[in-house]
Amino acid sequence: MSDETKDEAVAPTEDAPTPDEVSSADEAGASAAKHVAAAPVAEASASAASVGVSAASGSVATEAATSAAEGERSSVPVAAVPPAGSPPPWWSRWVTGLAGVVLVLAALWVGMLIGPAEEPAETAAEPERQIWTCSMHPQIRMPEPGQCPICGMDLIPAAGGSTAEGDEALDRVTLSPRARAMASVRTEPVRRTEPRTDVRLLGQVDYDETRLRMITPWTAGRVERLKVRVTGAKISRGQLVATLYSPEVYAAMRDLIVAAEQAKKLAGGLPGSASLATRTVEATRERLRLLGVPDSLIAEIERDGKAPKNVQLRSPYAGTVLERKVEEGDYVQAGTVLFHIADLSKVWVQIDAYESDLPLLSPGQKVELLVESLPDEVFEGEVAFIDPVIDPAARTAKVRVEVDNADGQLRPGMFAQARIQGRVAGESSHLVIPASAPLFTGRRSVVYVEVPGEPGTYALREVRLGPRAGPVYPVLAGLAEGERVVVEGAFLVDADLQLRGGRSMMTLPDDDADRVPLLVVPPEMLAALEPVLEPYLDAHASLAADRIDEAREQLGTLATAASEVEAIGPKQTREAWSELASSLSGHARHGATAKDAAAVRVAFEALGNEIATLLERFGNPTAGKLDVAFCPMAFDSKGAQWVQRDEPLANPYYGAAMLRCGEVKATLAPGERLAGGSGVDAAPAGRGGHHHG
């Protein structure tokens with residue numbers, strides 16, 4: 001090669017980069033290549049975050065960049081590759097720098113295709129803290145490890161337990177369809193009916209105490225002969241039962257004979273003597289009458305002039321001999337019992353009723369009686385009396401049933417089975433649930449309610465129940481009509497909730513804690529509360545129609561009515577009303593004197609809470625149904641409730657602006673108490689979701 005050719009080969013052209021440009025490109029390419037190739041997989045997320053891509057994006061981008069680099073290298077002509085051991089030419093360094101830039105651009109492009117980057121680790125939510133529990137007592141929930149306060153065992157991590165779980169998870173459980181099938185979970189709605197039941201009790205046939213009699217002598221003497229010697233013998237009235245020798249009676253008879261003879265002799269003599277003799281005879285007759293001698297025998301003695309030595313004792317009653325108290329030859333005093341007899345044409349059946357059965361019984365109820373010895377006979381009677389005292393040993397009270405026994409088939413001492421059509425006293429209809437639904441722990445009773453709109457989810461609910469009425473329990477508080485309760489499988493649902501560490505029936509607070517006693521409200525007291533509630537209902541209608549002046553006037557009427565109610569009933573009931581009446585009057589007067597509509601509605605909201613308390617503790621005093629409604633948007637989304645007549649929903653807090661805003665939470669029949677009172681957590685089923693309008 002000539003010198004000119006050599007110079008042309010090494011001389012730069014116009015398109016070729018200058019040495020300074022080549023050096024800058026070399027440095028940029030080397031830096032980019034080093035940044036992409038040297039980043040390890042473990043630091044991919046940090047590198048991706050620095051360039052705006054995710055860890056996954058960085059990994060894919062690295063692979064794409066490597067493939068691109070291999071493609072760039074494969075595109076260089078083989079003839080241009082310098083031989084081994086020779087320094088790389090200028091264009092090789094320029095190509096390497098360009099490849100590095102291409103790798104960075106490819107990584108960014110792939111990251112944009114994959115998606116947005118994850119937030120940095122420092123901005124992620126803090127991990128949930130682990131909850132620790134006891135394997136033997138899953139109700140124990142601790143934020144840190146330690147020992148169980150009950151048994152002392154070491155706590156273990158709770159499965160799926162963390163402080164991030166909501167409070168709702170503590171009293172509800174969700175079962176899959178398979179789990180529900182295995183547990184045989186079945187629900188039924190709470191319904192309203194008249195709780196009647198066949199109360200079956202055992203009793204014993206007894207004598208009618210009003211028909212028990214005793215046969216006694218009128219004078220002292222010796223029993224000469226007994227005419228009735230068999231216990232159980234039937235005797236009629238006036239029948240001879242015994243003969244008695246009585247010296248006193250015999251002497252009186254002799255005196256009568258003598259007096260009668262003297263009276264005959266003096267009958268034709270002086271008038272004074274005849275009158276005296278007649279009075280003597282009459283006195284002797286009266287003496288014999290007092291000794292029990294009948295007039296027929298006295299007349300016979302006077303006529304014949306003979307005094308019998310033995311006195312005949314006749315029964316003044318008819319009946320059956322229950323007991324004979326004497327033998328022949330016994331000496332008896334006046335009034336000594338010779339025979340016990342009873343009239344068995346009517347008998348009593350004394351039934352033993354347990355305390356839980358007493359509320360279902362009342363005088364006048366019809367009773368059917370079955371006797372084992374007479375399987376084909378059904379005797380009918382009527383409850384005449386319920387013993388006010390409980391036998392402390394047997395914990396039962398005697399219930400007396402009167403039964404006709406004209407044919408004498410029922411015998412004292414027979415066992416009888418009584419069947420009584422029992423009902424809850426004082427209520428024509430009641431909310432009831434099947435007897436298999438509640439779970440009992442002491443005096444507390446709980447049920448599991450199906451959560452609406454969440455299949456397989458059941459919430460724990462504490463309720464108050466009346467005495468069992470056969471297959472059902474009357475519901476006093478805690479449930480609303482239409483809610484579905486678990487009637488089969490409730491114990492398994494409770495066990496599942498307990499294993500999850502929730503508020504099962506065994507982990508609820510003590511049944512005496514924060515428990516307001518259920519008031520005994522006489523019908524007269526409930527009726528006296530109607531004049532208090534009617535003005536409130538009228539005020540609700542006025543506020544819903546934006547008639548503020550009318551609402552003020554009606555609230556004033558309510559304040560006056562509440563202060564004029566005279567409480568009737570037990571002391572606890574009177575005290576509860578006295579406290580509630582004071583609050584009702586105060587809030588009502590505040591609303592009656594409020595200056596603007598907003599202040600009236602604020603007072604009405606506070607008054608509504610007191611009205612709800614009235615319904616919870618005393619019941620619905622009106623003759624119609626009442627709706628308890630709630631609007632979550634009232635008062636800056638704090639929410640407020642109200643009570644209205646069972647009519648289309650009308651919001652008193654917004655009036656015409658949003659008249660239909662809210663939902664009905666419960667409906668109360670006349671006399672029914674509002675569910676959720678008396679310390680019972682309740683969420684009655686509504687008649688539809690929240691709506692606006």
Side-chain angles (χ1 to χ4, degrees), residues 191 193-213 230-237 317-323 340-391 393-430 432 434-436 466-474:
R191 55 191 177 90
T193 184
E194 185 175 351
R196 291 183 175 271
T197 180
D198 284 341
V199 181
R200 296 180 179 270
L201 302 171
L202 293 178
Q204 189 173 3
V205 180
D206 200 356
Y207 314 107
D208 185 344
E209 293 179 0
T210 63
R211 296 171 179 268
L212 288 176
R213 299 290 186 267
V230 180
T231 301
K234 292 183 179 181
I235 59 177
S236 58
R237 184 174 183 176
Y317 317 106
T320 302
V321 177
L322 304 180
E323 186 178 9
H340 283 291
I341 65 174
D343 181 5
L344 299 182
S345 61
K346 283 191 176 182
V347 294
W348 288 351
V349 177
Q350 300 281 15
I351 299 173
D352 293 320
Y354 291 98
E355 295 178 67
S356 58
D357 299 323
L358 292 177
L360 304 175
L361 307 177
S362 60
Q365 286 179 314
K366 299 299 180 181
V367 183
E368 292 183 354
L369 298 168
L370 302 176
V371 180
E372 185 176 357
S373 60
L374 302 169
D376 298 332
E377 295 285 342
V378 177
F379 300 90
E380 293 185 354
E382 184 177 295
V383 176
F385 178 76
I386 300 177
D387 198 334
V389 180
I390 299 292
D391 184 351
R395 307 307 304 167
T396 59
K398 293 291 184 182
V399 178
R400 182 192 308 159
V401 179
E402 293 183 350
V403 186
D404 288 330
N405 188 38
D407 54 3
Q409 289 182 295
L410 294 177
R411 304 169 185 266
M414 281 184 171
F415 285 106
Q417 182 180 6
R419 184 171 61 198
I420 306 173
Q421 188 74 17
R423 62 179 296 272
V424 177
E427 295 288 347
S428 58
S429 64
H430 218 296
V432 297
S436 60
R468 179 170 178 172
V472 299
Y473 276 103

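Heads up: numbering here begins at 1 and tracks the sequence. Bear in mind that the values here come from a model prediction, so they are computed numbers and not experimental data.
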Could you pull out all residues at least two apart from [X] that satisfy side chain to side chain donor-acceptor pair (under 3.5 Å)?
X: R213; value: none
X: Q409; value: none
X: D206; value: none

Return a table of donor-acceptor pairs under 3.5 angstrom between the side chains of residues 347-355 and protein atoms on other chains or two or more places apart.
| unit_1 | atom_1 | unit_2 | atom_2 | d |
| --- | --- | --- | --- | --- |
| W348 | NE1 | D208 | OD1 | 3.3 |
| D352 | OD1 | K398 | NZ | 2.7 |
| E355 | OE2 | R395 | NE | 3.3 |
| E355 | OE2 | R395 | NH2 | 3.2 |

Side-chain heavy-atom pair [X], [Y] within 4.5 angstrom cut-off:
X: R211; Y: S345; result: yes
X: L369; Y: V378; result: no
X: L361; Y: L201; result: yes
X: L344; Y: Y207; result: yes
X: H340; Y: L212; result: no
X: I341; Y: I235; result: yes
X: F379; Y: L410; result: yes

Problem set entry | T231 side, atom OG1; L322 side, atom CG - distance, nearest 0.5 Å |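 Answer rounded to 0.5 Å: 8.5 Å.
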
List the atom of [X], the atom of [Y], and the distance in Å for their closest heavy-atom pair.
X: V371; Y: A416; result: CG2-CB, 4.3 Å
X: T320; Y: G232; result: CG2-O, 3.4 Å
X: A384; Y: P363; result: O-CB, 4.5 Å

Problem set entry | Of all pairs that satisfy salt bridge (charged side-chain N to carboxylate O under 4.0 Å, His left out), the ones with a partner from residues 404-416, not counting sequence neighbours | K346-D404

Problem set entry | salt bridge (charged side-chain N to carboxylate O under 4.0 Å, His left out) partners of residues 377-391, not counting sequence neighbours, each pair once |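 Qualifying pairs: K366-E382.
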
Exercise. Checking side-chain contact (heavy atoms from CB on, under 4.5 Å) for the pair I386/L358: CA distance, chi angles, key distance, verdict?
Worked result: CA-CA 9 Å; I386 300 177; L358 292 177; 4.1 Å; yes

Exercise. Near F415 CZ, under 6.0 Å, is it more than 12 heavy atoms from other residues, nucleotides or ligands?
Worked result: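 Not buried by this count: 12 neighbours or fewer within 6.0 Å.
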
For this session: Mind running side-chain contact (heavy atoms from CB on, under 4.5 Å) on V321 and V230 for me, showing each step along the way?
Result: CA-CA 8 Å; V321 177; V230 180; over 6 Å; no

